[in-house]
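Heads up: the structure comes next, in structure tokens.
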Amino acid sequence: MFAIILKYISIGVLPLLIFVIMTVALVKKVPVYETFTEGAKDGLKVSANIFPYLIAIIVSISMLRASGALEALGLALKPLLDYFNLTTDIIPVIFVRPLSGSAALGLFAEIAKNDVTSYATKLAAIMVGSSETTFYVLAVYFGSVGISKYRYALWVGILADIIAAIMSIIVCAIFFL
Amino acid sequence: MNYIFYFIIVFSIIFGATHHTLNDVVNAILDGSQKSIELVIALAGIMAFWLGIMKIAEKSGVVTFIAKLLKPITKRLFSDVPPEDEAIGDIAMNFTANALGLTNAATPMGLKAMQGLQKLNKDKEVASDAMCVFLGMNTASFQLVPISVIAILVGCGYNNPTEIILPTMIVTGFTFVSAIALALLFKKFYPSLNVAVEKDDRRFFEKIKFNNFNFKLDIAGIFKKIILKVKVILINIRNFVLDFLFEKTPYTNSDDKKSDSEGGNE
């Protein structure tokens with residue numbers, strides 16, 4: 001019963017959001033079609049912006065995997081990884097995530113491309129989806145107003161990343177194991 | 001990122017060469033580049049659709065509406081920012097845009113909020129508490145729909161991509177709350193700049209509440225200082241030139257004159 005409710009929430013969020021937005025737009029008399037096309041134009045731009053990062057990460061990680069190095073590492077760490085229901089693919093995701101959003105997305109794409117129905121894909125999806133690139137955000141936001149001493153902002157960001165990684169592992173295990 | 005990229009590529013070539021998998025590595029290059037362009041094309045469609053919908057949300061005022069709803073909460077989180085300050089609204093807008101996955105729209109709003117916070121900041125080089133809380137909120141940003149992740153899942157042929165929405169929401173929500181809690185905790189225990197500055201801060205905010213031209217006064221003060229400094233420099237130059245022209249060799253004499261003229265000018 002509980003599982004079914006959760007499933008409906010997961011499925012329902014997206015259409016509900018779209019429904020509400022469309023209804024409000026209708027009430028407010030927004031030119032829906034023109035506005036939509038205007039926004040959609042940016043979609044290609046966004047994808048084009050991600051593309052260089054995707055290709056860099058996907059190709060380099062594919063090479064690493066093909067060379068057999070990833071497997072060797074996985075064998076070495078197997079007991080630890082098994083304990084947390086992880087695979088070797090996840091490790092780079094955890095470390096790259098706070099550094100670069102596009103790179104993390106690329107790593108995730110590499111995992112998904114390999115085996116889309118695997119547990120690792122779901123875990124990586126949750127990890128990447130629930131994150132923000134800490135160092136990028138700090139650099140851009142503080143840089144824009146010329147602040148050089150971050151005080152505890154950096155610590156909060158890093159701790160939040162660690163919490164997010166741990167939570168992803170726990171929640172994913174609850175949902176998909 | 002540069003080192004990581006370099007290391008991965010060089011390492012996998014060396015590892016492949018020493019483990020007789022070089023052929024696979026070469027194939028991986030060709031295969032990987034082809035796969036990534038396929039993925040981008042799949043991604044572009046969903047991305048475009050979502051951004052189109054979100055543009056409607058922006059234009060119809062849904063984003064502003066949610067931001068307004070959140071204002072009471074934001075006010076409480078940023079107790080050291082005057083509640084009617086524009087920055088509070090910007091922060092709420094930034095959060096809402098982030099939650100809806102409008103990263104491109106969120107960044108300018110966030111930067112505007114930072115400028116607002118910087119105006120209230122005492123030391124322009126050191127982050128204020130409000131900034132730290134705001135960025136803590138931002139680095140652990142709450143996501144309602146992780147659209148790019150869903151797009152990739154769809155691109156790879158996953159048949160039920162929306163099932164990751166709820167787990168992601170739980171994780172991101174938990175992280176978000178704990179990031180704010182951490183920031184507030186740090187704020188209490190982190191050695192603040194010093195007590196005198198904090199007291200000064202409070203006075204500063206009270207001033208802002210009661211007269212709005214406080215900022216102008218500040219500018220006037222800075223100008224006064226600059227003008228004073230320029231005056232001193234000009235006087236020094238003038239004295240130097242006078243000394244040079246009239247060759248007043250005895251130093252005591254010229255020094256006396258300098259101080260005299262300075263006093264006269266002020």
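Per chain, numbering begins at 1; letters A, B, ... match sequence-line order. Because only heavy atoms are used, hydrogens play no part in the values below, and waters and symmetry mates are left out as well, while side chains stay in.
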More than 12 heavy atoms of other groups within 6.0 Å of B:F142 CZ: yes

Residue from B:K35, B:E38, B:M169, B:M54 scoring the most non-hydrogen pairs under 4.5 Å with chain A is B:K35

Spacing of OG belonging to A:S60 relative to OH belonging to B:Y6, to within rounding of 0.5 Å: 14.0 Å

Portion of A:M127 that has a non-hydrogen atom of chain B nearer than 4.5 angstrom: neither

Between A:R151 and B:F186, does the side chain to side chain contact (heavy atoms under 4.5 Å, CB included) criterion hold? Intermediate values first, please. CA-CA 10 Å; A:R151 290 176 73 215; B:F186 266 110; over 6 Å; no

May I ask you to test the B:K55-A:T37 pair for a side-chain heavy-atom distance under 4.5 Å? no

Between A:M63, A:M167, A:K28, which has the largest tally of heavy atom pairs under 4.5 Å with chain B? A:M63

Looking only at A:A56, A:S130, A:S168, most heavy-atom pairs under 4.5 Å shared with chain B are made by A:S130

Enter the distance from A:S67:OG to B:H19:NE2 here, rounded to the nearest 0.5 Å. 8.5 Å

Smallest heavy-atom separation, A:I58 atom then B:S36 atom, equals CD1-CB, 3.8 Å

For a 4.5 angstrom cut-off between non-hydrogen side-chain atoms, does B:L153 reach A:T121? yes

Heavy-atom pairs under 4.5 Å with chain B are the metric here; pick the option from A:G146, A:A125, A:P92, A:G157 that has the most. A:A125

Just so I know, are the side chains of B:K187 and A:Y152 near enough to count as touching, which here means a heavy-atom distance under 4.5 Å? yes

How about A:L138 and B:L135: do any of their side-chain heavy atoms sit closer than 4.5 Å? yes

B:Y158, part contacting chain A, at a heavy-atom distance under 4.5 Å: both

Chain A contacts, top residue of B:C156, B:G52, B:G45 (heavy-atom pairs, under 4.5 Å): B:G52

For the interface with chain B, which of A:E34, A:E38, A:K29 has the highest count of heavy-atom pairs at distances below 4.5 Å? A:E38

My understanding is that only one of B:N121, B:D123, B:V126 makes a side chain to side chain contact (heavy atoms under 4.5 Å, CB included) with A:I147; could you say which? B:N121

Identify which of A:I126, A:V24, A:V171 forms the greatest number of heavy-atom pairs closer than 4.5 Å to chain B. A:I126

Between B:A17, B:S12, B:G32, who has the most heavy-atom pairs with chain A when the cutoff is under 4.5 Å? B:S12

Of the listed residues (B:V171, B:T172, B:T175), which shares the most heavy-atom pairs with chain A below a 4.5 Å separation? B:V171

Which heavy-atom pair separates A:A160 from B:A140 by the least distance, and what is that distance? CB-CB, 3.9 Å

Distance check, rounded to the nearest 0.5 Å: A:F142 atom CZ versus B:L111 atom CG? 12.0 Å

Sole residue of B:N138, B:L117, B:T139 in side chain to side chain contact (heavy atoms under 4.5 Å, CB included) with A:Y141: B:N138

Considering only heavy atoms, which portion of A:V30 lies under 4.5 Å from any heavy atom of chain B: side chain, backbone, both, or neither? side chain

Step by step, would you call A:I55 with B:I37 a side chain to side chain contact (heavy atoms under 4.5 Å, CB included)? CA-CA 8 Å; A:I55 190 158; B:I37 190 72; over 6 Å; no

Using a cut-off of under 4.5 Å for heavy-atom pairs, which of A:A25, A:C172, A:P31, A:G39 has the most such pairs with chain B? A:G39

Which answer fits B:Q115, side chain, backbone, both or neither, if we ask what part of it has an atom under 4.5 Å from a heavy atom of chain A? both

Need one label for B:F134: side chain, backbone, both or neither, based on atoms under 4.5 Å from any heavy atom in chain A. side chain

When only pairs under 4.5 Å are counted, which of B:P146, B:G136, B:S33 shares the most heavy-atom pairs with chain A? B:S33

How about B:K124: does its NZ atom have over 12 heavy atoms from other parts shown lying under 6.0 Å from it? yes

Quick check for you: to the nearest 0.5 Å, what is the distance between B:I170 atom CD1 and A:I170 atom CD1? 12.0 Å

Side chain, backbone, both or neither: which part of B:S128 has a heavy atom under 4.5 Å from chain A? backbone

If you measure from CG on B:L166 to CZ on A:F175, what distance do you get to the nearest 0.5 Å? 4.0 Å

Between A:T35 and B:K59, which heavy-atom pair has the shortest distance, and what is it? CG2-CG, 3.5 Å

Of A:V32, A:I18, A:L17, which is the lone residue that meets side chain to side chain contact (heavy atoms under 4.5 Å, CB included) with B:I53? A:I18

